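The shown structure was predicted, so the numbers you read here are calculated from the model rather than taken from an experiment.
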Amino acid sequence: MAKYGEGDKRWIVEERADGTNVHNWHWAERDCIEWSRARLSSLLAGLTVLDGEDGLTLRTVALDNLDGEAYVNIRKGKVIPGYELSLTLSWEAEAASESGAVKVAGTAEVPYLADENADEDPDLHITVRGDETPLALRAKDAFLSRGKPMVLEKIREFVAAMAKGGPAKDELDSKKTPAKVAAAAPGAAPAKKEEVVAPAPAAGKKKAKGKDKEGFKTIKMTETFYCRSKDIYEILMDENRWKGFTQSNAKISREVGGEFSLFDGCITGVNEDLQEGKLIAQKWRFGSWPDGLYSSVRLMLDEPESGVTVIKLKQTGVPEEDKYGNSTVVENTERGWRDLIFQRIRGMFGFGI
């Protein structure tokens with residue numbers, strides 16, 4: 001995959017029947033290292049291995065250390081976990097003696113826990129802190145025989161949680177539509193297929209102010225450019241300049257009612273209102289969105305002082321899911337405007353700070 005600034009098309013999805021994520025449009029990554037730390041700590045700390053059997057009490061104490069990386073990629077609604085971790089767990093044992101209770105402590109170390117070995121139990125090394133007294137060796141043997149299986153079982157629970165999305169699982173579950181949930185219920189009748197329409201309020205009915213239609217979101221952004229408003233308008237409406245700063249094909253009509261095609265045809269739409277240097281209003285969609293569904297884009301250009309232009313973007317009717325089940329459409333659309341359009345314009349035409 002090309003790096004940023006080298007002609008990459010990460011903000012592009014070609015419309016394909018198989019839903020293939022051609023240019024990585026649907027790739028979203030979530031850092032999971034802190035979630036992993038909390039999850040493993042809750043799973044592994046405070047486990048009772050022995051509770052007085054043969055006069056010995058043995059339990060885990062805390063997750064002392066966790067190093068490495070952990071993340072979850074969500075692509076087309078599918079979860080792809082990645083992690084390479086090492087961890088150290090402390091334990092302590094206590095036994096009664098003629099002189100009173102005697103305590104020993106040690107560690108259980110997993111030197112390598114990785115997604116590439118998710119179907120295998122990792123190595124687990126048990127050590128004693130301090131001298132290897134008879135009690136220490138007894139506790140170590142007990143941990144190997146009784147504690148090791150418990151620790152590995154908890155690690156398998158962590159691996160399974162990562163496979164389901166880690167910290168993104170709740171978000172993924174919340175994105176499921178009621179129709180999908182109902183269809184998944186045992187004995188549920190097949191959901192009736194409904195025609196997808198543009199998210200516009202019905203005639204004669206007022207939409208609650210500030211409220212988005214269920215299943216859709218609104219994107220708002222404000223960007224400042226150090227240029228005249230007519231210059232930024234010209235860039236946004238000129239297909240040759242689009243080809244230059246996006247490194248992709250573009251076809252743009254400069255007429256109201258005319259059509260446009262951006263990022264090799266992956267974004268298409270129709271011009272609704274054009275006011276040179278002031279306004280660009282369009283019906284705008286990705287090929288991966290449900291058929292027939294368009295969002296509304298309004299780019300308001302204001303020049304509060306000579307040579308300074310403020311763009312206010314408002315995009316309404318952005319679906320939370322595309323037709324392939326990807327649930328990061330809004331997040332990626334916003335990032336695309338910011339990183340692959342506005343930032344690219346600043347970099348190529350020198351309109352930044």
From [atom1] ([X]) to [atom2] ([Y]), nearest 0.5 Å:
X	Y	atom1	atom2	answer
Trp91	Leu58	CH2	CG	6.5 Å
Asp51	Thr57	CG	OG1	6.0 Å
Leu113	Met162	CG	CE	9.0 Å
Tyr226	Thr309	OH	OG1	11.0 Å
Lys312	Asp302	NZ	CG	7.0 Å
Met348	Gln343	CE	CD	13.5 Å

Same cluster or not: [X] versus [Y], using hydrophobic residues (I, L, V, M, F, W, Y) connected whenever any side-chain heavy atoms lie under 4.5 Å apart?
X	Y	value
Leu56	Val102	yes
Val151	Tyr112	no
Phe349	Ile232	yes
Leu236	Val256	yes
Met237	Trp284	yes

Identify the heavy atoms of [X] and [Y] that sit nearest to each other, and give their distance.
X	Y	result
Glu259	Val270	CG-CG2, 4.2 Å
Arg285	Gly292	NH1-N, 3.8 Å
Gly307	Arg228	N-CD, 3.7 Å
Pro290	Glu321	CD-O, 4.1 Å
Gly82	Asp115	CA-OD1, 3.6 Å
Ile219	Glu334	CD1-N, 3.8 Å

[X] side chain to [Y] main-chain N or O, any donor-acceptor pair under 3.5 Å?
X	Y	answer
Thr133	Ala136	yes
Ser229	Lys278	no
Glu157	Ile155	no
Thr60	Leu47	yes
Ser261	Lys251	no
Glu239	Ile252	yes
Arg241	Ile345	no

Greater than 12 external heavy atoms within 6.0 Å of Glu255's CD: no
Test log, rule side chain to side chain contact (heavy atoms under 4.5 Å, CB included), inputs Ser296 and Lys283: CA-CA 5 Å; Ser296 294; Lys283 286 296 183 184; 2.8 Å; yes
Any side-chain heavy atom of [X] sitting closer than 4.5 Å to one from [Y]?
X	Y	value
Asp131	Val104	no
Phe263	Ile341	yes
Leu44	Phe158	no
Thr224	Val310	yes
Thr268	Phe260	no
Ser288	Asn326	no
Phe245	Ile235	yes
Met150	Val49	yes

N-O pairing of Asp54 and Arg146 below 4.0 Å: no
Side-chain donor-acceptor pair present, Glu223, Trp337, cut-off under 3.5 Å: no
Worked check of side-chain hydrogen bond (donor to acceptor under 3.5 Å, both in side chains) between Lys243 and Ser248: CA-CA 5 Å; Lys243 292 175 183 177; Ser248 64; over 6 Å; no
Residue from Phe286, Phe216, Trp289 passing side chain to side chain contact (heavy atoms under 4.5 Å, CB included) with Ser295: Trp289
Partner set under salt bridge (Lys or Arg N to Asp or Glu O under 4.0 Å) for Arg59, not counting sequence neighbours: Glu92
Pair Thr127-Glu109, side chain to side chain contact (heavy atoms under 4.5 Å, CB included): steps then yes or no: CA-CA 8 Å; Thr127 59; Glu109 180 186 3; 6.0 Å; no
Audit row: Leu85, Ile33, side chain to side chain contact (heavy atoms under 4.5 Å, CB included) steps and yes/no: CA-CA 9 Å; Leu85 302 168; Ile33 189 63; 3.7 Å; yes
Other cluster members, Leu279 - Ile/Leu/Val/Met/Phe/Trp/Tyr, side-chain contacts below 4.5 Å: Met300
Steps toward salt bridge (Lys or Arg N to Asp or Glu O under 4.0 Å) verdict (Glu234, Arg254): CA-CA 10 Å; Glu234 186 66 23; Arg254 301 173 70 96; 2.9 Å; yes
Side chain to side chain contact (heavy atoms under 4.5 Å, CB included) evaluation trace for Val128 with Leu137: CA-CA 8 Å; Val128 174; Leu137 293 175; 5.6 Å; no
